[in-house]
Amino acid sequence: MAVIQKHGKSYSPDLVCLKENHPPDKTGVAGGHKKCPEHHTNWSRPVARVWTVVLLLGTCLLYCARVAMPICAVSMAEKFNWTKRESGMVLGSFFWGYCFTQVFGGYVSDRVGGEKVLLLAAAAWGSMTAFTPILAHLCSQPILSMTLARFLMGLLQGVHYPSLASLCSQKVVESERGFLMSTVGSGSYLGTLLIGGAGSLMLDLYGWESVFYISGFMSVLWAYCMWKYLLKGEGPLISLESLGSGGSQSKLTKRHWLRLFKQRAVWAVIVTHLCTASTYFTLLSWLPTFFKESFPDAKGWVFNVIPWLVAIPSSLFSGCLSDHLISQGVDTVSVRKLMQFFSMGVSSVFTFLLCGNTTFLWAVAFVSATMGLTTFSHSGVSVNVQDLAPSCAGSLFGVMNTCGAFSGVIMVYFSGYLIEATGSWASVFALITTVNLLGLFTFLAFAEARRVDIDSSKIRHHNIHI
């Protein structure tokens, strides 16, 4: 990866996003190029480790704030006399907001830096979380204020993962991206466990309002500490000039995006991520119901906690393994495919085993293995988008996540239809296995790790390996 591209006078870069990891030669600075954002240098290993911990904590708090409403939904429904349908409307409104800002968040992050977008968004959704109880009590129609609040939460949190992808592609070397993304991704499982335990305790002792106050305050505090100590109090974070500096570049990007979507490798990551997200959302939504109906006497904390406890170390292990293999000289695309094979191939074996008659302990074991292996995608398709298009990884990941979120909701609804129509959970687990295998075969057949955001046929250069 340590390659310097040196261009001659005839240099005419044909890029999707005009950002490089090296300053352009004077002969290459002309027209729309002069407004390009400044180049990005990779973090040193100590700095990368600090950012990994900070982003892990941020993702943990993201899920604490996200899951606060589901944790408190029953108590709020009793307080405000909501029906099941009204509670579902409040909870579901988050998804619609979440879908709409994926691409936008990635696009802005590619232009101004993912760390700035993460910071501003966290300050906003953290404040929204803290003010949720106040809005509920002050508004004469709490159902309307809470629906709007959840929709805004989705809008604000929708930029998180595209910004992470953009930041990682700009600041982290290829051989260390797997560890960072898998570690940060494990924050979602840690946050779910933390708010599930501590949140339930606060709910019983101090009321549902305390869950929002604490999770919101901690999120705002995280944003402040990140701004104060990592960004050194820089300001303004995002200027209008940096957002509007595209000019002629924005006209070019339409043509280059069309060319980018003609690449089979790009469609491979989109389809694979779509399948991964669909099956994950389906398992997340229906597993509690599966256990309650199949094993009514079982203790809920067992199947609600153990799979997530397995997922955290599994995610960390996948990141360490992928980076180790790359550092040992294994081809990057082979590593990405291996990680995705574990995530979608091996996990499907355990999912398919749930189709048969199993005991409660075996069911928990199969589900735990499935959820643990699914985390390997953090070092597979989730990182592969940064291999393909580091100059616009945030935007492309936003496209992937939007498709995955929409398909996830559709598959969750369709799974409910299958359960009612067949009266069997085997049909749902068979559907999950089929979708996983479809995504896996697509990734194995078409995935690549070379950059596709550069039209090499229009760039005349020679490489100097150092």
Side-chain angles (χ1 to χ4, degrees), residues 63-64 66-78 82-92 94-95 188-204 208 211 277-312 347-375 408-433 435-436:
Y63 269 78
C64 286
R66 182 182 300 185
V67 182
M69 180 66 77
I71 289 290
C72 302
V74 175
S75 298
M76 295 179 71
E78 294 176 355
W82 291 345
T83 64
K84 292 290 186 182
R85 184 175 182 180
E86 289 173 330
S87 297
M89 182 175 67
V90 172
L91 295 173
F94 174 90
F95 159 76
S188 61
Y189 315 121
L190 180 61
T192 302
L193 280 174
L194 183 63
I195 195 65
S200 299
L201 184 62
M202 288 188 293
L203 179 65
D204 294 336
W208 62 269
V211 181
S278 299
T279 54
Y280 177 77
F281 286 148
T282 302
L283 288 170
L284 194 65
S285 300
W286 287 110
L287 279 178
T289 306
F290 162 73
F291 277 107
K292 288 181 180 179
E293 291 187 356
S294 302
F295 310 99
D297 298 329
K299 295 181 179 180
W301 68 267
V302 176
F303 56 80
N304 283 328
V305 172
I306 291 181
W308 304 113
L309 289 177
V310 174
I312 294 174
S347 69
S348 294
V349 175
F350 294 99
T351 304
F352 189 73
L353 290 175
L354 290 169
C355 294
N357 294 324
T358 61
T359 64
F360 174 70
L361 292 179
W362 278 114
V364 172
F366 293 154
V367 169
S368 299
T370 297
M371 301 306 293
L373 290 166
T374 299
T375 65
V409 170
I410 293 174
M411 188 164 168
V412 168
Y413 282 124
F414 183 66
S415 297
Y417 168 78
L418 283 179
I419 296 171
E420 291 185 356
T422 63
S424 170
W425 285 96
S427 59
V428 175
F429 295 126
L431 173 65
I432 292 173
T433 302
V435 173
N436 264 339

Are side-chain heavy atoms of Phe281 and Met411 found at a separation under 4.5 Å? no
How many angstroms lie between CG in Asn436 and OG1 in Thr279, if you round to the nearest 0.5 Å? 4.0 Å
Report the residues that fulfil ring pair (Phe, Tyr, Trp, His ring centres under 6.0 Å) with Tyr63, sequence neighbours left out, ordered by chain and then residue number. none
Just wondering, are more than 12 heavy atoms of other shown residues or ligands nearer than 6.0 Å to CG in Asn357? no
Rounded to the nearest 0.5 Å, how far apart are OG1 of Thr282 and CG of Leu287? 9.5 Å
Could I get the full list of side-chain hydrogen bond (donor to acceptor under 3.5 Å, both in side chains) partners for Glu86, not counting sequence neighbours? none
Please, which pairs that meet side chain to side chain donor-acceptor pair (under 3.5 Å) have at least one residue in residues 359-368, sequence neighbours excluded? none
Tell me which pairs pass side chain to side chain donor-acceptor pair (under 3.5 Å) where either residue lies in residues 412-422, with sequence neighbours left out. Thr422-Ser427
Contacts of Phe352 meeting ring pair (Phe, Tyr, Trp, His ring centres under 6.0 Å) (sequence neighbours excluded), chain-then-number -> none
Phe303: partners by ring pair (Phe, Tyr, Trp, His ring centres under 6.0 Å), with sequence neighbours left out: Phe291
Heavy-atom side-chain proximity of Leu353 to Phe429 below 4.5 angstrom: no
Going by the rule side-chain hydrogen bond (donor to acceptor under 3.5 Å, both in side chains), which residues pair with Ser278 if we only count those two or more places apart in sequence or in a different chain? Ser407
Cys355 to Ala430 - nearest heavy-atom pair and separation: SG-N, 3.8 Å
Partners passing side-chain hydrogen bond (donor to acceptor under 3.5 Å, both in side chains) against Thr370 (at least two apart in sequence or in another chain): Thr351
Partners passing side-chain contact (heavy atoms from CB on, under 4.5 Å) against Leu203 (at least two apart in sequence or in another chain): Ile71, Cys72, Ser75, Trp208, Val211
Phe295 vs Phe290 aromatic rings, parallel, tilted or perpendicular, using cut-offs 30° and 60°? perpendicular
Can you tell me how far the CZ atom of Phe350 sits from the OG1 atom of Thr374, to the nearest 0.5 Å? 11.0 Å
OH of Tyr189 to CG of Leu309, rounded to nearest 0.5 Å, is 13.0 Å
Going by side-chain hydrogen bond (donor to acceptor under 3.5 Å, both in side chains), name the residues that satisfy it together with Trp425, two or more places apart in sequence or in a different chain. Glu293
With sequence neighbours excluded, tell me which residues meet ring pair (Phe, Tyr, Trp, His ring centres under 6.0 Å) with Trp286. none
Ignoring hydrogens, what is the shortest heavy-atom contact between Val310 and Gly372? Give both atom names and the distance. CG1-CA, 4.2 Å
Within the structure provided, determine whether Phe360 and Val302 are in side-chain contact (heavy-atom separation under 4.5 Å). yes
Any side-chain heavy-atom pair from Leu193 and Ile312 closer than 4.5 angstrom? yes
Looking at every non-hydrogen atom in both residues, tell me the closest pair between Thr358 and Ala363 and how far apart they are. OG1-CB, 3.8 Å
Closest non-hydrogen atoms of Ile195 and Cys64, given as atom of the first, atom of the second and distance, are CG1-O, 3.6 Å
Main chain of Gly196, side chain of Ser200: is a donor-acceptor contact present, judged purely on distance under 3.5 Å? yes
Can you see which heavy atom on Met371 is nearest to which on Ala311, and at what distance? O-CB, 4.2 Å
What pairs with Leu201 under side-chain contact (heavy atoms from CB on, under 4.5 Å), at least two apart in sequence or on another chain? Leu205
Atom CZ in Phe94, atom CZ in Arg66: separation rounded to 0.5 Å? 4.0 Å
